[in-house]
Amino acid sequence: MSVGAASAADINGQWARGDGNAKVQISACGSNICATNTWIKPGTPKEKTGDKLVMTIEPTSDGEYSGTAFDPQRDLTYKLTVSVKGDSMTTKGCVLAGIVCKGVNWSRIKS
C-alpha cells in the first residue's frame, strides 16, 4: 500500500453533518470514494437516504484532499476540497467555474 493510500483511509468512516440534517458513510466504491447518505433528518429538502456522492480525490498533504465530486441525483460535478483533522472534516464544493461554493463541517461518528 502506498503512503497516499494509507493517508486516504483517514476520510473513511461515518460522519455527521454540522447542521444535524444528515449522516454519511464514506468508503471506497470502485476506484473512487463514495459518500452515501445513511440518515436524513425528516423534512430535509432534496436529499434522501441512499443518495451518493462519487468523489475522485487524491491526497494533497496530510489530511488534505482535492479533486472532483459527481452528484448523480442532480447530474452535477463539483470541484472538491476536503480537510480531515482528527474527528473533524470540512468539505468545500464549487460549481460554475468556482463562482458558487459551499463549505460544510462534519464530525466523525464513533461506533
Got a sec, which pairs hit disulfide (SG to SG under 2.5 Å) with one end in residues 33-71, sequence neighbours left out? Cys29-Cys34

Going hydrophobic residue to hydrophobic residue with side-chain gaps under 4.5 angstrom, can you get from Trp39 over to Met89? no

Nearest-0.5 Å distance, CD1 of residue Ile11 to CH2 of residue Trp106: 10.5 Å

Looking at Thr60 and Ser66, what are the two nearest heavy atoms and their distance? CG2-CB, 3.6 Å

Partners passing salt bridge (charged side-chain N to carboxylate O under 4.0 Å, His left out) against Asp87 (at least two apart in sequence or in another chain): Arg108, Lys110

For Asn12 versus Ala28, what's the shortest heavy-atom pair and its separation? OD1-N, 4.2 Å

With sequence neighbours left out, write down each residue that passes salt bridge (charged side-chain N to carboxylate O under 4.0 Å, His left out) with Lys85, or none if nothing qualifies. Glu64

Rounded to the nearest 0.5 Å, what separates atom CG in Leu76 from atom CZ in Phe70? 8.0 Å

With the side chain counted from C-beta on, respond yes when Val104 and Trp15 share a heavy-atom pair under 4.5 Å apart, and no when they do not. no

Taking atom OG1 of Thr38 and atom CD1 of Ile109, what is their separation to the nearest 0.5 Å? 6.0 Å

Can you tell me how far apart CD (Gln14) and OG (Ser27) are? Round to the nearest 0.5 Å. 10.0 Å

Could I get the full list of side chain to side chain donor-acceptor pair (under 3.5 Å) partners for Lys79, not counting sequence neighbours? none

Distance check, rounded to the nearest 0.5 Å: Asp19 atom CG versus Thr44 atom OG1? 7.5 Å

Only pairs at least two apart or in different chains count here, so list each side-chain hydrogen bond (donor to acceptor under 3.5 Å, both in side chains) that has a residue in residues 46-57. Arg17-Glu47, Asn32-Thr56, Lys48-Asp51

Is Leu80 close to Thr68 at the side-chain level, that is, under 4.5 Å between some pair of heavy atoms? no

With rounding to the nearest 0.5 Å, note down the distance linking OH in Tyr78 to CG in Asp71. 4.5 Å

If you compare all heavy atoms of Ile26 against all heavy atoms of Ala35, which two are closest, and at what distance to 0.1 Å? CG1-CB, 3.9 Å

Across all chains, not counting sequence neighbours, the side chain to side chain donor-acceptor pair (under 3.5 Å) partners of Thr90 are Asn105

Of the non-hydrogen atoms in Ile40 and Ala22, which two are nearest, and what is the gap between them? CD1-CB, 3.7 Å

